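If you're wondering where the values come from, they're calculated on a predicted model, not measured in any experiment.
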Protein chains: 2
Amino acid sequence: MTTESIMEFALSKEFLERFQQALDEKDEAFIRQSLEGVNPADITALLYEFDSEECHYVFGLLPKEVDAAILNDLEEDVRVDFIAEFTPEELAKYIEYLDSDDGADILYQMSLKKREEVIRFIDNEEKASYILDLLRYEEDVAGGLMAKELIKANINWTIKQCIEEIRKQAENVQKIYSVYVVDDLGKLVGKVSLKRIILAEDSAKIADIYDDNVVSVETYMDEEEVAIIMRKYDLEAAPVVNARGKLVGRITIDDIVDVITEMAEEERQMMAGISADVEEDDTVWMLSKARLPWLIVGMVGGLLGAQFMGLFRGDIVLIPALAFFIPLITATGGNVGIQSSSIVVQSLANPNVFAGGIVQRLMKVLFVAVVNGVILALMVFGVVMMVNRNEPLAATVSIALFSVVLLASFMGTITPLILDRFGINPALASGPFITTANDLLGLAVYFSVAHLLYNL
Amino acid sequence: MTTESIMEFALSKEFLERFQQALDEKDEAFIRQSLEGVNPADITALLYEFDSEECHYVFGLLPKEVDAAILNDLEEDVRVDFIAEFTPEELAKYIEYLDSDDGADILYQMSLKKREEVIRFIDNEEKASYILDLLRYEEDVAGGLMAKELIKANINWTIKQCIEEIRKQAENVQKIYSVYVVDDLGKLVGKVSLKRIILAEDSAKIADIYDDNVVSVETYMDEEEVAIIMRKYDLEAAPVVNARGKLVGRITIDDIVDVITEMAEEERQMMAGISADVEEDDTVWMLSKARLPWLIVGMVGGLLGAQFMGLFRGDIVLIPALAFFIPLITATGGNVGIQSSSIVVQSLANPNVFAGGIVQRLMKVLFVAVVNGVILALMVFGVVMMVNRNEPLAATVSIALFSVVLLASFMGTITPLILDRFGINPALASGPFITTANDLLGLAVYFSVAHLLYNL
């Protein structure tokens, strides 16, 4: 027997071609044999290479529990189409193999009518009632993230009774990290690690060995808050309690890793001005639609800028060189704005307790802006003097640049703070929003400075 | 006894003021009492509010193992200054309470000389040799991330022998998820979950109950690759093997959560054009220095653009309205470029096996660009016709806009792919890099189109 290293099921082009051939020829033997003992996560990756009908065919050849694991692994946007191909009865069978939270995730993707049909076909009464419980919560709060499956022990039990309970639940709870300890009312009072249970005498009482220092989360806590807490306390699982302190579920770290990854992706998309969750393999139309809104915002900004500059037509005719530095001004405003907002967004994502009042924050931003603004303005002044040999132009561009750095820093700092206060994701401020606003601001400053300095 | 909810140690302004007062008055009793039983992660958050000397004082009042946990929790840039205040002997005492990987992380932050002194003071011989082992690896590969502490069992042992081993190691290994099974040569052959151990008979043999399907990582695997694997297989711990398959350590999910978080932060900073790992509470000078490089790149781009436009001075004097639409062109180019590159960066971060060849990818990007380009160009044509009533201008701006959308999409797609091929983080392409390049490209296209259309 050898270790199955992750290397051993690397998908080669050759294997994929051979597998495609087997699919075409309906070569059941090859398919069964080549997938036997392979980790479901690897089969999921493989199935992404084939079309829906082919995947359905492969599903029929695999053990039900492997199918269930694959269904759970599939990306949500792929799965929503795929599950449409199964009957409610088939889906119910798969869901019986999954933890309640994973089952609920699949049900969330169906119409209410189909949901009910599927649940009716679930034979395991406990599983069905668990899932119905979970469906009451929003998907993005602790209650929607938790599984009902967990091991709990009454504080008055002995270790022997506790092990009995583990034996009874062993099939339902795939990964046990700790046994949660509850009082007679079902309220969470602590936990015992499996390690302690193994090392304790059978006759010992839970009350004597349990740890009453347990971090729990509440059902209506936002998933991002849960992620912050589990990261802070290095937890691999967190018990979930309801408003009355009763233990109702458990959130495991794998779900939190997904939440953290999604948060990062969402932020990337916001920073890039993409307005929907798209991926490279989505359709041309979906990709275009996700990108268009912010492009239009930018375009409207550009058109407003054009109208604004129309007011200074005379200046541009007199001093055409003014036009040459428009991109310098707008680009610097955009860059400074994005830098400032992303630093604020980072602070908001890693909340230290008191990150200083807004006045302190702005004072510091101002200092940084002055340092950078002075350095950039001096450099630009030097270059324009050397290359263009035009003192009023050099003065105009460098003074405007300095002012733009200051203003863009201010805008970049204040915008995410304001968005955050109104419950809007502050990362929105690190995208085209701030660049568009700063473009307009930069143009206004630039032409105002020019107008003043040239006495136009 | 009640559950310690995470809410119970929320830091209030009142508590902080009271604590500050206690620090000023050296009120040991209050400090000890108010921190007793508090989770070290909460004490760490508290200590961020006070200066280094005050923290040092609090350290002296806490149990050594709590100090050790706090030292482990501290952010790296805070810790590097803080540890300078301790003698090698003090540091050695703290490190004895930590897992080898956490101990090594602290030692990485010291000069080689101080490292050696600290290691000499570590009384626990095994811990010292573990740490020396780990220090041989780079910090960002599996070997630098793993802890040496783990429970391993020989495949020929009985469950009773295995439990004996757990008892022996219980103090060293804080969290046991699985017992790793090795052969007589120390090679990893599988794992047994604690659940199975609890449910098995004492006389059962490991060989009969172990799971030979274990995902492992190799010592020199990059930490980001480890993160992808642990996320894919939903692992809470992964055994680490050396090139010969020998079990040498274990990586736990809490370290991987940190890796994922750091990756996201790094990417955000790259997208925002911040060139060092800074946070809002760093000094003004550090913040300025981190922001300056990309601002200068943008500035140089802007100056080059200015010189380039100088070539078209005559055109601008003749048709000053051309200048009005410069921001529209550059902003759209920038926005399209960032959108395109961020979609590619996302694909690179979630590698499906064959995401299609480069030609297919570019064809698709081209389609999306044509769709968006046509829509934007038509809108702009309409607006300029309505507002400015100038047909050649409307034609120039909209044709240039369409071309810029196409070119910027192409650049935004190809740049991260090229960077990735050369081992550079592709997220770099989603920042000021692409905007600066696209500004210049956009200007070139715009003025070329204008020159052609106006027959200048």
Looking at [options], which has the largest count of heavy-atom pairs under 4.5 Å with chain B?
options: A/Gln339, A/Arg313, A/Met309, A/Met263; answer: A/Gln339
options: A/Val317, A/Ile296, A/Asp439, A/Val380; answer: A/Ile296
options: A/Glu267, A/Arg196, A/Met230; answer: A/Glu267
options: A/Leu199, A/Ile338, A/Thr330; answer: A/Leu199
options: A/Val336, A/Thr332, A/Thr435; answer: A/Val336
options: A/Leu440, A/Asp258, A/Ile274; answer: A/Ile274

Please classify the contact of [X] with chain B as side chain, backbone, both or neither, using a heavy-atom distance under 4.5 Å.
X: A/Ile326; value: side chain
X: A/Asp255; value: neither
X: A/Ile197; value: side chain
X: A/Leu194; value: both
X: A/Leu443; value: side chain
X: A/Phe367; value: both
X: A/Val368; value: both

I'd like to know if B/Lys175 pairs up with B/Asp254 as an ion pair, taking the criterion as any Lys NZ or Arg NE/NH1/NH2 lying under 4.0 Å from an Asp or Glu carboxylate oxygen.
no
Ion pair present between B/Lys232 and A/Asp73, side-chain N to carboxylate O less than 4.0 angstrom?
no
Winner by heavy-atom pair count (cut-off under 4.5 Å) against chain A, out of [options]:
options: B/Leu376, B/Ile329, B/Val278, B/Val371; result: B/Leu376
options: B/Met299, B/Gln307, B/Met379; result: B/Met299
options: B/Val384, B/Val284, B/Ile343; result: B/Val284
options: B/Thr436, B/Ile151, B/Leu328; result: B/Leu328
options: B/Gly310, B/Ala427, B/Ala323, B/Gly298; result: B/Gly310
options: B/Leu303, B/Ile166, B/Ile163; result: B/Leu303

Set of residues satisfying side-chain hydrogen bond (donor to acceptor under 3.5 Å, both in side chains) with respect to B/Lys289, sequence neighbours excluded
none
Quick check: does any side chain N or O of B/Lys195 sit under 3.5 Å from a backbone N or O of A/Val173, one acting as donor and the other as acceptor?
yes
Side-chain donor/acceptor of A/Glu236 to backbone N/O of B/Ile253, under 3.5 Å
no
Interatomic distance, [X] atom [atom1] to [Y] atom [atom2] [nearest 0.5 angstrom]:
X: A/Ser342; Y: B/Met271; atom1: OG; atom2: CE; result: 10.0 Å
X: A/Lys364; Y: A/Ser409; atom1: NZ; atom2: OG; result: 13.5 Å
X: B/Tyr177; Y: A/Ile176; atom1: OH; atom2: CD1; result: 14.5 Å
X: B/Leu287; Y: B/Leu292; atom1: CG; atom2: CG; result: 12.0 Å

Test side-chain contact (heavy atoms from CB on, under 4.5 Å) on B/Tyr233 and A/Asp42; report intermediate values, then the result.
CA-CA 9 Å; B/Tyr233 296 103; A/Asp42 288 316; 2.5 Å; yes
In terms of heavy-atom proximity below 4.5 Å to chain A, should [X] be classed as side chain, backbone, both, or neither?
X: B/Asn388; result: side chain
X: B/Ile260; result: side chain
X: B/Val397; result: neither

Taking everything shown except B/Gln174 itself, do over 12 heavy atoms lie less than 6.0 Å from its CD?
no
Does the side chain of B/Arg291 pick up a donor-acceptor pair with the side chain of A/Ser340 at under 3.5 Å?
yes
Could you list the residues that satisfy ring-ring contact (aromatic ring centres under 6.0 Å, His included) with A/Phe308, not counting sequence neighbours?
A/Phe312
